[in-house]
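Chain identifiers are assigned alphabetically (A, B, ...) following the order of the sequence lines, protein sequences preceding nucleic acid strands; residue numbering begins at 1 within each chain.
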Amino acid sequence: MTDMDDEGPPPTLRVRPYTMTRGRTDTDVELTIETMIRATPERATRPATVAEAGAIVELCADPQSIAEISAHLVLPLQVVKVLVGDLVMSQAVSTHRGGFQADGRPDLALLERVLDGLQSL
Amino acid sequence: MSNPIPVKIVVAGGFAVGKTTFVGSISDIDPLTTEANMTAVSEGVDDLGDAATTKRGTTVAMDFGRVALSDDLVLYVFGTPGQDRFHFMWDELVRGAIGAVVLVDTDRLDACFPAVDYMEQTGVPFVVAINAFDGVLHHHPDDVREALDVPSHVPVVVTDARHKAAVRDSIVALVRHAMAMATARTG
């Protein structure tokens with residue numbers, strides 16, 4: 001009896017996501033797991049190069065974070081980042097993050113808004 | 001629909017301390033799971049051959065939730081992977097984060113040591129939240145503070161990961177602490 005889980009070759013599903021990115025594992029576009037992605041009005045004129053990129057644009061008609069895209073489309077985070085990076089370059093999607101201080105953490109004004117929001121839950 | 005501003009916090013702590021429960025109690029949606037892998041986040045691996053040969057066993061899954069704080073502000077709550085070998089993922093998780101809630105089970109205090117060490121070393125604002133699973137506190141917060149040897153400015157609070165209000169309060173404590181740290185830096 002063959003135990004595919006332990007002894008078989010690496011499952012092809014584990015490799016295939018990186019064929020979508022043509023082997024790339026990073027993007028020049030600054031993206032964090034919580035960066036909010038939204039499809040742009042221009043998206044219709046920017047045909048996606050792979051089906052998954054098209055699925056991202058479709059999903060982001062309602063703004064979604066990188067992590068949510070990864071979860072909903074069952075794609076590794078880095079693959080999502082590369083694909084979204086391409087979509088940002090082609091202006092099919094736009095990105096959004098908040099106000100940050102020099103050390104990269106949210107600034108006081110943003111923290112105050114977070115506090116207000118939490119206290120109204 | 002406008003594009004909301006995202007902010008995030010991290011929930012850290014040892015394996016099975018209640019991180020996923022914590023996330024689920026505060027989240028507007030059923031917690032989602034995202035995957036990352038060590039191959040993808042390590043440097044210098046950019047061809048398919050290497051990816052195929054080195055990726056086995058290094059995939060890490062993270063649960064997270066989403067909380068709408070207002071029409072244009074969304075809080076993401078990420079649970080950290082429990083095991084030490086997944087610390088490569090923590091850098092990504094804490095980058096730009098408000099801070100971290102380190103969840104503590106007083107029966108297994110040592111399980112949260114790696115999380116406390118990590119947050120201290122990287123300067124991430126954090127609070128220690130004692131998860132009183134059964135509503136009964138077996139150890140006084142001051143004893144926990146002493147046992148963990150956390151600095152006096154780090155809040156130690158009591159929470160219950162199963163209850164939204166208690167979870168919310170521990171996140172409020174974190175945000176206040178992050179504000180105090182931000183004020184100390186700029187003022």
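- Interface remark: of the candidates D169(B), V74(B), L73(B), L73(B) forms the most heavy-atom pairs closer than 4.5 Å to chain A.
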Salt bridge (Lys or Arg N to Asp or Glu O under 4.0 Å) evaluation trace for D86(A) with R24(A): CA-CA 11 Å; D86(A) 290 350; R24(A) 293 168 299 155; 2.8 Å; yes

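- Among V116(B), V124(B), L148(B), V150(B), the one residue that satisfies the side chain to side chain contact (heavy atoms under 4.5 Å, CB included) test with V102(B) is V116(B).
- Interface summary for chain B: among V114(A), T35(A), I69(A), V82(A), the most heavy-atom pairs under 4.5 angstrom belong to V114(A).
- Of the atoms belonging to A68(B), it is backbone heavy atoms, and not side-chain ones, that fall under 4.5 Å from chain A.
- Between E92(B) and K8(B), none of the side-chain N atoms (NZ, or NE/NH1/NH2) sits under 4.0 Å from a carboxylate O, so this pair counts as no salt bridge.
- Contact tally against chain A (heavy-atom pairs below 4.5 Å) for L93(B), V94(B), D72(B): the top residue is D72(B).
- Heavy-atom distances place the backbone of T95(A), and not its side chain, under 4.5 Å from chain B.
- By the neighbour-count criterion of 12 heavy atoms within 6.0 Å, atom CD of E58(A) is sparsely surrounded, having that number or fewer from other residues, nucleotides or ligands.
- Here the CZ-OG distance, from R43(A) to S90(A), works out to 12.5 Å after rounding to the nearest 0.5 Å.
- Within the 4.5 angstrom heavy-atom criterion, only side-chain atoms of L75(B), from C-beta onward, approach chain A.
- Contact check for T32(A) versus I66(A): no side-chain heavy atoms found under the 4.5 Å cut-off.
- With a 4.5 angstrom heavy-atom cutoff, T33(B) touches chain A only via backbone atoms.
- Contact count against chain B (heavy-atom pairs under 4.5 Å) is highest for A67(A) among A67(A), C60(A), S120(A).
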